[in-house]
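One structure below.
From a predicted model like this one, the values you see are computed outputs, not experimental measurements.
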Amino acid sequence: MALAVLASLAALAFCGVAAGAGDTVSARQPLRGNQTAVSAQGKFELGLFSPNGSGRFYLGIWYKNIPEQTVIWVANRASPLLSGAASAELRVSSDSGNLELVGLSRSSSSSPGVVWSSNLSSSSPGSSNVAVMRDNGNLVLVDGGNLSNVLWQSFDHPTDTLVPEAWLGENKLAGEYQTLTSWRDAEDPAPGTFTCTVDHGGSSEFFLLWNGSRAYWRSGVWTGRVFANMPEAVNNVLFNQTYVETRAYRRITSVLYDNATITRMVLDFTGQIKQHIWVPYSQSWQFFWAAPTVQCDVYALCGASGICSQRSQPPCQCPPGFTPAAAREWGLNNWSGGCRRKASLQCGAGNGSTDGFLELPNMNLTDGSLAMSARSRAECESACMNNCSCEAYTFSGSGGCAVWYGGFRNLRQVYVDAGGSSAPSLYVRLSSSELRRVRGGTSRKNGRLWLVLGIVLACLAALAASALAAWITGSRRKRQAEMGNNQKESSSLVVYSYGDLRAATKNFSERLGGGGFGSVYRGALNGHALDVAVKKLEGLRQGDKQLRAEVNTLGLIQHVNLVRLIGFCSSRQDKLLVYEYMPNGSLDSYLFKSSQCPSWHDRYGVMLGVARGLAYLHEGCRECIIHCDIKPENILLDKDLCPKIADFGMAKLVGRDFSRVLTTMRGTIGYLAPEWISGLPISAKADVYSFGMVVFELISGRRNTECYESDDDDAEAAGQRPSTFFPVWAASRLAEGDDAAAVVVDPRLHGDVREGELERACRVACWCIQDQEEHRPTMAQVVQALEGVVVVQVPPVPGALQHLATLA
């Protein structure tokens with residue numbers, strides 16, 4: 001379903017067309033065995049394939065010139081050929097005119113039979129119908145006497161993938177729905193658990209369904225421009241997407257802006273609908289968007305008795321006392337089979353049940369519970385224990401008791417931040433033997449073992465304490481030298497003493513700069529073996545807060561475009577951070593204060609490097625990290641002018657379960673996104689806005705807030721006065737279709753720029769500073785745009801900034 005990705009900014013060049021076989025199948029020209037039909041321009045191929053060498057063969061369509069076979073349509077997904085491809089044949093029946101796949105399957109194991117058919121409702125005997133593989137991925141069966149008469153087409157019968165020009169919706173005349181249905185797993189294209197379809201009640205809304213009945217995600221209705229629950233679907237430059245309703249059909253479809261783009265939308269067998277784009281230079285599919293965003297929002301993803309945890313890989317786990325019901329399927333990331341008990345419950349015996357309950361804390365409780373009357377947890381537990389069908393219970397302090405009969409599903413782990421209220425616990429019933437095993441056992445033998453282990457550990461601890469004391473006393477200098485030598489390769493942080501850093505900086509004598517949080521000094525560890533920059537945080541409260549923010553972000557990540565945090569000092573009075581030293585200082589000094597003019601090549605490299613660093617922060621880390629203060633002062637340059645993002649004292653970590661965070665306004669005026677100034681919760685798009693402002697400064701070579709004097713005599717003669725705010729003026733020129741290269745770029749460059757890169761940079765910057773955050777691209781999309789593998793459309797002039805220009 002292509003309805004979810006109108007926010008993607010990436011479109012990638014198709015890397016060539018290979019000459020292939022013919023594009024038609026007919027009664028006289030069938031496909032036999034391993035023969036294939038290739039579309040006229042060599043984009044798509046039709047033939048038999050076997051997923052991952054499974055030994056089962058299917059008729060499918062895949063991309064011809066992509067080395068990683070990517071299937072977009074499967075005909076006989078529920079009836080694979082079992083005898084291999086040699087004896088199979090795809091033909092047009094001379095009797096019915098149907099397109100037919102003939103071979104051996106489970107239902108025709110003794111002699112070849114029709115495994116799959118287009119099932120035309122009516123056709124003439126002896127028909128001259130012809131099947132044609134088209135370049136948009138559509139397999140069509142047409143009347144040989146009238147090629148414009150389409151009798152059947154694969155776009156009317158999608159499987160799990162939607163490509164541009166295909167559609168989802170309802171054929172009102174035929175009473176048929178175009179529905180996406182997931183594969184069962186990576187090796188089995190049989191219909192899976194999840195489907196995507198338009199509202200059968202008649203609205204324009206699309207649903208993701210579990211088992212064809214339970215909706216767990218909805219698009220919202222079409223507003224005439226976007227779907228209500230999908231603000232990301234605005235200003236897409238991959239394709240133009242529309243929802244259309246006529247007397248014959250209602251459906252959503254899309255048309256590519258650039259036919260070289262290779263993109264597909266897949267309903268994955270894990271229940272998410274995902275957008276992918278082919279990246280020619282890396283020869284791989286790039287993931288860009290998914291719905292629902294959080295994988296554990298997929299209903300019953302982990303099957304019966306399974307637990308979904310967004311912080312684990314894979315996300316599905318079995319609770320203690322359970323094991324995967326189908327281990328092979330779990331290995332293929334198909335968790336729908338759920339979990340089974342390792343030991344049966346002991347219930348109904350003459351002496352009563354010997355089962356017990358295991359607490360699973362912080363659970364998002366499943367549906368299907370039955371309310372019971374109980375005044376205490378013990379009473380609730382007793383009610384469950386006395387019923388052999390009861391498998392779990394929960395109890396709230398207000399007296400609410402709920403029990404589950406016959407199992408449970410859609411159980412999710414909830415992560416509670418420090419200081420937050422805890423989520424309820426689920427008490428799962430286990431057999432007494434399994435409960436003892438899970439809890440580690442309580443036998444006397446184990447007790448003696450733990451006693452012996454305790455004595456041994458106590459002795460070892462005493463010896464270790466003595467050794468540690470001797471090591472600290474006798475080898476402090478050796479420790480420091482080893483720390484200095486190892487930091488170039490190590491990813492762990494070093495804890496320094498204040499004395500270590502005072503000596504390293506020669507009593508903080510060489511000041512490199514400073515800001516609101518303190519001053520930065522140059523230093524050297526281990527006798528100049530490692531140059532460092534030491535930030536001395538000022539103000540006990542703010543210093544402690546910034547130190548924790550930086551350690552919690554930079555201390556856990558590594559990226560070529562992020563400054564490396566080497567270590568820190570945190571004493572009662574002193575808070576210091578130790579970074580790798582950047583010989584070329586900040587972008588602020590390099591761009592605005594240097595006597596030399598940075599070349600266009602260097603400027604564009606800075607844009608791309610900063611974009612890659614932000615993309616990593618937003619999408620490459622376990623938690624989304626919003627920097628919150630992107631500006632030239634916080635972008636440092638190493639000896640090769642490689643940019644590195646610095647100063648994470650105001651960064652915010654946003655869990656993947658959330659899309660935005662509410663925080664007080666911070667950062668630097670001139671780089672702040674409008675929603676932040678308005679006091680609204682922010683998302684990673686706040687960094688995108690700031691990045692756009694920095695790009696404008698790299699282009700013009702001056703501060704955005706400085707007066708911009710135009711030397712365009714024609715513009716002045718026409719009464720067009722340039723704005724004092726460069727981004728508005730530049731955006732206006734782009735919108736007017738003028739040649740931006742001669743008027744927006746830093747005059748110190750004397751026109752020595754690459755016009756294609758300049759145009760892309762200007763357009764990307766304008767998209768980044770759009771008023772509405774949903775109109776802005778993601779940083780991953782910005783990277784693709786700056787790399788030149790995407791056609792970036794001319795952006796509109798931001799409304800709020802345009803208003804400022806009219807007041808200037």
[X] versus [Y]: any side-chain heavy-atom pair under 4.5 Å?
X: Tyr496; Y: Leu576; answer: no
X: Ser700; Y: Val744; answer: no
X: Pro747; Y: Arg702; answer: yes
X: Val794; Y: Arg763; answer: yes
X: Glu619; Y: Thr778; answer: yes
X: Asp500; Y: Cys569; answer: no
X: Val610; Y: Val694; answer: no
X: Ile769; Y: Pro795; answer: no

Tell me whether [X] contacts the main-chain N or O of [Y] through its side chain, where contact means a donor paired with an acceptor under 3.5 Å.
X: Asn634; Y: Ala646; value: no
X: Gln413; Y: Asn362; value: yes
X: His559; Y: Leu614; value: no

Can you sort out the partners of [X] under side-chain hydrogen bond (donor to acceptor under 3.5 Å, both in side chains), two or more places apart, ordered by chain and number?
X: Glu580; answer: none
X: Ser309; answer: Tyr415
X: Asn561; answer: none

- Lys535 and Val520: side chain to side chain contact (heavy atoms under 4.5 Å, CB included), yes or no, with the steps? CA-CA 4 Å; Lys535 180 189 289 187; Val520 181; 4.1 Å; yes
- Note on the structure: Residues pairing under salt bridge (charged side-chain N to carboxylate O under 4.0 Å, His left out) where one sits in residues 777-786, two or more places apart or in two chains, turn out to be none
- Name all pairs fulfilling the salt bridge (charged side-chain N to carboxylate O under 4.0 Å, His left out) condition that reach into residues 587-611, sequence neighbours left out, sorted by first residue then second. Asp588-Lys593, Asp588-Arg703, Arg603-Asp746
So which atom in [X] and which in [Y] form the shortest heavy-atom distance, rounded to 0.1 Å?
X: Val792; Y: Ala785; value: CG2-CB, 3.7 Å
X: Leu786; Y: Ala611; value: CD1-CB, 4.2 Å
X: Glu773; Y: Ser683; value: OE2-OG, 3.3 Å
X: Pro643; Y: Gly609; value: CG-CA, 3.7 Å
X: Ala684; Y: His618; value: O-CE1, 3.4 Å
X: Cys642; Y: Val560; value: SG-O, 3.9 Å

- Task: Please lay out, stage by stage, how Arg612 and Glu787 fare under the test side chain to side chain contact (heavy atoms under 4.5 Å, CB included).
- Result: CA-CA 10 Å; Arg612 287 169 175 163; Glu787 286 176 341; 3.0 Å; yes
What distance do [X] atom [atom1] and [Y] atom [atom2] have between them, rounded to the nearest 0.5 Å?
X: Tyr590; Y: Gln596; atom1: OH; atom2: CD; answer: 7.5 Å
X: Lys506; Y: Arg522; atom1: NZ; atom2: CZ; answer: 9.5 Å
X: Ser586; Y: Lys644; atom1: OG; atom2: NZ; answer: 15.5 Å
X: Arg511; Y: Lys536; atom1: CZ; atom2: NZ; answer: 11.5 Å
X: Ile645; Y: Asp687; atom1: CD1; atom2: CG; answer: 8.0 Å
X: Tyr581; Y: Leu525; atom1: OH; atom2: CG; answer: 14.0 Å

- Message: Taking atom CZ as the centre, does Arg754 end up with more than 12 heavy-atom neighbours from other residues, nucleotides or ligands that are less than 6.0 angstrom away?
- Response: no
Which residues share a side chain to side chain contact (heavy atoms under 4.5 Å, CB included) with [X], sequence neighbours left out:
X: Ala761; result: Trp600, Tyr604, Met607, Val695, Ile699
X: Arg502; result: Tyr498, Asn507, Phe508
X: Asp752; result: none
X: Gln295; result: Thr270, Gln272, Leu301, Gln310, Pro315, Trp335

- Item | Stepwise side chain to side chain contact (heavy atoms under 4.5 Å, CB included) check, Val688 with Met779 | CA-CA 7 Å; Val688 176; Met779 289 309 304; 3.7 Å; yes
- Item | Lys NZ or Arg CZ of Arg776 over Tyr689 ring: under 6.0 Å, within 45° | no
- Query: Taking only residues two or more places apart in sequence or in another chain, which ones pass salt bridge (Lys or Arg N to Asp or Glu O under 4.0 Å) with Lys639?
  - Reply: none
- Item | Derivation and outcome, side chain to side chain contact (heavy atoms under 4.5 Å, CB included), residues Tyr671 and Glu697 | CA-CA 11 Å; Tyr671 302 91; Glu697 293 182 325; 2.8 Å; yes
